[in-house]
Number of protein chains: 2
Amino acid sequence: MAENEKTLGGMLREARELKKLSLREVEVKSGISNAYLSQLENDKIKKPSANTLYKLGDLYNITFDELMVSAGIIEQSSEQRNKNVHYAFSSDNLSQEEEQALIDYLKFLRYQQKDAK
Amino acid sequence: MAENEKTLGGMLREARELKKLSLREVEVKSGISNAYLSQLENDKIKKPSANTLYKLGDLYNITFDELMVSAGIIEQSSEQRNKNVHYAFSSDNLSQEEEQALIDYLKFLRYQQKDAK
DNA sequence: ACAAGTTGCTAATTATATCAAGCAATATTA
DNA sequence: TAATATTGCTTGATATAATTAGCAACTTGT
């Protein structure tokens, strides 16, 4: 239950694309070679170092724990789940306008949901 | 700054001795070879895997962050780091569907932004 | 159409984490 | 004292993380 379908590679690729960065841009920002990044995103690496995982989590604003979970290193505990904030949204990920737009959109979503019920 | 006097090896050895365990006992409990444990405690390993670090932290009841810090992987605890980042949305806050909808909407926003440029 | 750049990727190589075997020193017990 | 475990450790072998160099498919600009 609560099977985390997302692989490590899948998460990393999704996060990178969300930021609209190429592998070579991430290489510059993280110091990790684009070749290796490609392997990571295609799930060809089984046990990345804590270093690597940390750098990418930092860059993509994914919590380290979340990466550890999808890398199969730890299992999601409810304790951690409470602490976890979702990787997709963080303050340096979003411009003011985007943040406001998303908040508005969230309100809209919930407004709809309420009606549907 | 914030020189952490303690090395990774130092911490691991101290923790093990506190529990009065031999390297071979830790080997059995953790699945990490005593040879490698010895190298770890003597600071001969530069970048242990997230796996290894996690297992030992678990066994010794050392927080993972603490080990990461003494391994030189992070400077401050990631707990601290997470506080520095203001997250607009937490996972407690969002259902899976909402999350996905917001991600899609964010992609849409950025697609527009790109054209405007 | 062509040149120049960008993209993600792979094969080959290097670096290093990790393990298996065994050694010397100390502890234990007969 | 001798025999036997138990200790931490080193060396050599293996697995795999991570890099360098380069290739083919696309874009972009001229």
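All chains are named by letter (A, B, ...) in the order of the sequence lines, taking the proteins before the strands, and each is independently numbered beginning at 1. Note that this is a predicted model, so its numbers are computed, not measured.
Taking side-chain N and O atoms only, Thr52(B) has no distance below 4.0 Å to OP1 or OP2 of dA17(C). At dG8(D), none of the side-chain N or O atoms of Asn42(B) fall inside 4.0 Å of OP1 or OP2 (strictly under the cut-off). Put simply, Lys44(A) has no side-chain N or O that comes within less than 4.0 Å of OP1 or OP2 on dA18(D). For Lys47(B) and dA18(D), the shortest distance from a side-chain N or O to OP1 or OP2 is not below 4.0 Å.
Atom OG of Ser33(A) sits about 10.0 Å away from atom CZ of Arg24(A), to the nearest 0.5 Å. Interatomic distance, Leu37(A) CG to Leu23(A) CG, rounded to the nearest 0.5 Å: 6.0 Å. Note that the NZ atom of Lys55(A) and the CG atom of Leu67(A) stand 14.0 Å from one another [nearest 0.5 Å]. The line from OG of Ser30(B) to OH of Tyr54(B) is 13.5 Å long, rounded to the nearest 0.5 Å. For the atom pair Ile45(B) CD1 and Asn42(B) CG, the distance stands at 10.0 Å (nearest 0.5 Å).
Listed by residue number, Arg24(B), Gly31(B) are the residues of residues 9-31 of chain B with a heavy-atom contact under 4.0 Å to DNA chain C. Heavy-atom distances under 4.0 Å link DNA chain C to Asn34(A), Ala35(A), Ser38(A) of residues 34-41 of chain A, given in residue order.
Salt bridge Lys6(A)/Glu14(A): present, at least one basic N to carboxylate O contact under 4.0 Å.
Following rounding to the nearest Å, Ile32(A) (CD1) and dG8(C) (P) show an atom-to-atom distance of 15 Å. Distance, Asn51(A) CG to dT16(D) C1': 16 Å, rounded to whole Å. In this structure, the NZ atom of Lys46(A) is 17 Å from the P atom of dA17(C), given to the nearest Å.
More than 12 heavy atoms of other shown residues, nucleotides or ligands fall within 6.0 angstrom of atom NZ in Lys19(B).
Between Ser70(B) and Met11(B) the shortest heavy-atom distance is OG-SD, 3.3 Å.
Residue contacts for Ser49(B): at a heavy-atom cut-off of 4.0 Å it reaches the sugar-phosphate backbone alone, with no base atom in range. Residue contacts for Ile45(B): at a heavy-atom cut-off of 4.0 Å it reaches a base atom on one of the strands shown.
No side-chain heavy atom of Ile62(A) sits less than 4.5 Å from a side-chain heavy atom of Leu56(A).
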